[in-house]
Amino acid sequence: MTDSLFSPLSLRETEVSNRIMVSPMCQYSSTDGFANDWHLVHLGSRAVGGAGIVMTEATAVSPEGRISPNDLGIWSDEHADALERITSFVKSMDSIPAIQLAHAGRKGSKSRPWDGSDPVFPEDGGWNPIAPSDVPWPYESDAPELHELTTEEVGDVVDDFRAAAERALDAGFEIAEVHAAHGYLLHEFLSPVTNHRDDEYGGSFENRTRIVREVTEAVREVWPDDKPVFVRISATDWLDDRDSWDLEQSVQLSADLADLGVDLVDVSAGGLHPDQEIPSTGPGYQVPYAELIREETGVRVGAVGGIRTARHADEIVRNGRADLAIVGREHLRDPYFALHAAGDLGVDAAWPPQYQRAVPRR
Ligand code: FNR
């Protein structure tokens, strides 16, 4: 039978009730990396709204892994404790709590978007961002100096991801996603634009992808066999005018990740460099990348980018383009996107009993 948007999805022993995931979206609303009432209400509402999976924003594995000083983090047990009531509430709504484990790399230490996204210096609460090579983001203003990781320090980053995954498990998350997209640390290693290293983490495809494989292995090692691991990648840098990360390498990496026990590749794109040329930002603009990776490797994929309607999301799943429709901004506009989608598609959906009197009539 053809799968549709409201077909359940089995990932190891995790049963997801539908194919809709809340895309990870930074809220820039933490102090010292801690989850607070905002995160509970924000993520909790989307669980009430019927999404099969509710993914946290990029959650930093170390303090300098944050994009802004206001990012969420999971670098101590106390951070995990603060997340526990969120996972517990999300589960009580029959949704699956997922966490995106992240390191911002060279794109770290800047102010939040509504404060200008400007570099923040260590004396103002920022830090010296780490990167594979001394290739700074081309800011127009001064920015704190980058620290190029030594080979040994790359191992520390892998350890930080492992420890963060262990804490995420303690906090009650069911799915761990490794963030290797959007020009953040792991993507910076993948792309020859930002990786000029001459040790075993730079140069060949095998070397540039090594840290992503090591992080994935570390997370997979501590994440139970019955629970899924995802990896988000940028399928392309959208920098075809130079030696960069492209779709062909993404297909190869996805196959390697599947071999390491990754259950789903979350296929995004870009974010590495401001010169990127995005061919289109229309509906489903990144879906063809997900579709190709699925076709070439057989790995499950999530498609993200410009998915705004129930019919579009349903079409993506029905036509085998992706296994999961990942919805970002539309979920900010409508926390009840999944429940509304069910109504649009004529599927019975369980609105919470508290809202029964308001269930839209078909
Ligand atoms: C994002 N995005 C994003 N991606 C990610 O992998 N981790 C993150 O923390 C964030 N943060 C974030 C914040 C906000 C406010 C937005 C709008 C976006 C990207 C997001 O997950 C998604 O990939 C894109 O928004 C494209 O999907 P939509 O919005 O077109 O459905």
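Scope of the values below: all heavy atoms of this structure, side chains included, with no hydrogens, waters or symmetry mates. We count ligands from 1, going down the list as the structure has it; atoms in each ligand are counted the same way. Note that the structure is predicted; figures quoted are calculated from it, not measured.
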**Report entry** Cys26, any N or O under 3.5 Å of ligand 1 N or O
**Finding:** yes

Query raised in the report: Looking only at protein heavy atoms, which one is nearest to atom 23 (O) of ligand 1, and how far off is it?
Result: Arg232 NH1, 3.2 Å

**Report entry** N-O pairing of Arg220 and Glu217 below 4.0 Å
**Finding:** no

**Report entry** atom 31 (O) of ligand 1 - nearest protein heavy atom and its distance
**Finding:** Gly328 N, 2.8 Å

Query raised in the report: What's the spacing between Ile211 CD1 and Glu214 CD if we round to 0.5 Å?
Result: 7.0 Å

Query - ligand 1-proximal atoms of His331, by part, heavy-atom distance under 4.0 Å - result: neither

Requested in this report: List every atom of ligand 1 that sits less than 4.0 Å from any heavy atom of His182, numbering the atoms from 1 in the order shown and giving each element.
Outcome: 4 (N), 5 (C), 6 (O)

Query raised in the report: Less than 4.0 Å between a side-chain N and a carboxylate O, is that true for Arg162 and Asp159?
Result: yes

Requested in this report: Look at atom 25 (O) of ligand 1 and say which protein heavy atom is nearest, naming residue and atom and giving the distance to 0.1 Å.
Outcome: Arg329 NE, 3.8 Å

Report task. May I ask you to check whether over 12 heavy atoms, not counting those of Arg197, lie within 6.0 Å of atom CZ? Result -> yes

Query - Closest protein heavy atom (residue, atom, distance) for atom 18 (C) of ligand 1 - result: Met25 CG, 3.8 Å

Report task. Record the part of Arg308 in heavy-atom contact with ligand 1 below 4.0 Å; permitted values are side chain, backbone, both and neither. Result -> neither

Query raised in the report: Less than 4.0 Å between a side-chain N and a carboxylate O, is that true for Asp71 and Arg66?
Result: no

Report summary line: Quick note, side chain to side chain donor-acceptor pair (under 3.5 Å) partners involving residues 78-91, not counting sequence neighbours, are Asp37-Arg85, Ser76-Glu78, Ser76-His79

Report summary line: Asp344 meets the side chain to side chain contact (heavy atoms under 4.5 Å, CB included) criterion, sequence neighbours left out, with Ala310

Query raised in the report: Under 3.5 Å between some N or O of ligand 1 and some N or O of Ile326?
Result: no

Report task. Could you tell me whether Val304 and ligand 1 have an N or O pair separated by under 3.5 Å? Result -> no

Requested in this report: Can you sort out which atoms of ligand 1 are near His179, meaning under 4.0 Å from one of its heavy atoms?
Outcome: 5 (C), 6 (O), 7 (N)

Query raised in the report: Has ligand 1 got any nitrogen or oxygen that is less than 3.5 angstrom from a nitrogen or oxygen of Pro24?
Result: yes

Query raised in the report: Counting from 1, what ligand 1 atoms have a heavy atom of Ser23 closer than 4.0 Å?
Result: 20 (C), 21 (O), 22 (C), 23 (O)

Report task. Nearest 0.5 Å please: distance from the CD atom of Glu174 over to the CG atom of Leu169. Result -> 9.0 Å

Report task. Note the single closest protein heavy atom to atom 26 (C) of ligand 1, along with its residue, its atom name and the distance in Å. Result -> Gly305 CA, 3.8 Å

Query raised in the report: Thinking salt bridges, do Asp275 and Arg242 make one under a 4.0 Å N-O criterion?
Result: yes

Query raised in the report: Has ligand 1 got any nitrogen or oxygen that is less than 3.5 angstrom from a nitrogen or oxygen of Ala58?
Result: yes

Query - Centroid-centroid under 6.0 Å between His273 and Trp245 rings - result: no

Report task. Please say whether Tyr285 places an N or O atom under 3.5 Å from an N or O atom belonging to ligand 1. Result -> no

Report task. Look at Arg167 together with Asp170 and state whether they make a salt bridge at an N to O cut-off of under 4.0 Å. Result -> no

Query raised in the report: Does atom 8 (C) of ligand 1 have any protein heavy atom closer than 4.0 Å?
Result: yes

Query raised in the report: Closer than 4.0 angstrom: is that true for some heavy atom of Glu330 and an atom of ligand 1?
Result: no

Query raised in the report: If we only count N/O pairs under 3.5 Å, is Glu57 in contact with ligand 1?
Result: no

Report summary line: Within 4.0 Å of some non-hydrogen atom of Gln100, the atoms of ligand 1 are 5 (C), 6 (O), 7 (N), 8 (C), 9 (O)

Report task. Taking atom OH of Tyr139 as the centre, report whether more than 12 heavy atoms of other residues, nucleotides or ligands fall under 6.0 Å from it. Result -> yes

